[in-house]
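Report on one structure; see the data block that follows.
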Amino acid sequence: MRSALATAARALCCAQFMLFATIGSAHEPASFDRKTAEAFAEYVRATEARNESELTRGDGLLWIDDLPEVQRKRDYAELARGEVLMEQRNAFERGREFACPGGMIHHWEGVIFVAGARLEDVLRVLQDYDHHPEYYAPDVVKSKIESHQGDHFKVYLQFRRQKVITAVLNTEHAITYFRDGETRAHSRSSATRIAEVENPGKKNEREKSRDEDNGFLWGMETWWRMEEKDGGVYVQSEGVSLTRDIPAGLGWMIGPFVTSIPRETLTFTLEATRKAVLAQVRGKDSN
């Protein structure tokens with residue numbers, strides 16, 4: 001047994017090393033071209049159209065609402081127990097898996113239940129961007145509201161993603177919130193700028209150009225939905241992100257490793273959101 005575990009550990013370390021030696025090498029920058037950008041934009045348009053259709057329909061706000069009754073009841077019971085439910089989405093074009101030359105599109109959806117919270121409690125945390133480094137540490141290092149007009153925000157966020165190696169990214173986002181009634185709301189966030197940071201925190205810190213970065217993150221689009229019911233708030237987040245493709249010949253070994261990062265990031269974001277909301281609810285109740 002110990003021999004088998006040691007072999008598995010060595011294989012994982014080898015996969016991680018090859019992944020970041022190949023993908024994370026500054027000597028081999030990723031190739032982000034027009035076809036990659038166009039494919040991602042088309043995918044985002046299709047996702048946006050689906051979201052708009054579902055929100056207009058207005059009956060089932062959460063993706064679990066469309067599941068068969070037995071599974072739906074089981075999922076709601078898991079949410080009540082504090083679980084994070086995750087689903088990977090895949091888009092197909094004319095019966096074939098969507099193609100994104102030179103890039104990989106990652107599409108995950110997650111939902112949580114924040115017992116005892118009100119809709120305003122959740123919105124207060126999500127919109128408190130200046131304090132996101134407190135709520136979402138260590139993933140969010142810096143944040144700042146650059147402008148705020150009504151329900152529209154322009155926000156700067158610096159992300160720190162660590163898995164074997166560390167990637168620091170300066171990002172800017174355009175975010176709009178929509179109230180769909182007294183108990184429902186949703187938001188739409190789009191990254192308007194993403195830049196990989198070289199030598200973060202040092203005197204020679206600088207942003208890499210798109211032509212020389214490592215392709216850790218090229219695009220980031222997010223849809224949030226919130227509904228207050230059952231004595232709390234259901235919070236759903238759907239994220240579509242774009243990274244560089246896996247080099248030919250390594251997909252069988254490092255593909256699952258690469259695709260796990262967006263899932264883990266979204267799971268952490270939802271759990272951190274619930275923690276921050278509950279902390280504020282407890283603070284409000286104690287006053």
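Nothing fancy with the numbering, it's 1 onward along the sequence.
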Next item on the list: Give the C-alpha distance, both sets of side-chain angles, the deciding distance and a yes or no for salt bridge (charged side-chain N to carboxylate O under 4.0 Å, His left out) between Arg210 and Asp33.
Entry: CA-CA 10 Å; Arg210 182 54 58 88; Asp33 59 21; over 6 Å; no
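- For the 3.5 Å distance criterion, the side chains of Ser143 and Tyr136 fail to qualify, holding no donor opposite an acceptor.
- Annotation for Arg72: atom CZ counts as buried by contact number, over 12 foreign heavy atoms lying within 6.0 Å.
- In this structure, Glu146 has no salt bridge (Lys or Arg N to Asp or Glu O under 4.0 Å) partners at least two apart in sequence or on a different chain.
- Judged by distance alone, the side chains of Ser241 and His106 never bring a donor and an acceptor atom under 3.5 Å apart.
- Within 6.0 Å of atom CD in Glu69, 12 or fewer heavy atoms from other residues, nucleotides or ligands are found, so the atom counts as exposed in its surroundings.
- Between the side chains of Asp65 and Tyr76, at least one donor N or O sits under 3.5 Å from an acceptor N or O.
- For Lys229, the NZ atom sits in a packed shell: over 12 heavy atoms of surrounding residues, nucleotides or ligands are nearer than 6.0 Å.
- Close placement of the Phe153 and Tyr177 rings is indicated, their centers lying within 6.0 Å of each other.
- The pair Arg118-Asp121 does not count as a salt bridge, with every side-chain nitrogen at least 4.0 angstrom from each carboxylate oxygen.
- The residues Glu109 and Arg225 are annotated as not salt-bridged, no charged nitrogen and carboxylate oxygen being separated by less than 4.0 angstrom.
- Looking at Glu238 and Trp224, their side chains never bring a donor and an acceptor atom within 3.5 Å of each other.
- Salt bridge Glu42/Lys35: absent, no basic N to carboxylate O contact under 4.0 Å.
- No single ILVMFWY cluster, assembled from side-chain heavy atoms under 4.5 Å apart, contains both Ile194 and Val168.
- Applying the salt bridge (Lys or Arg N to Asp or Glu O under 4.0 Å) test to Glu205 and every residue at least two apart in sequence or in another chain returns nothing.
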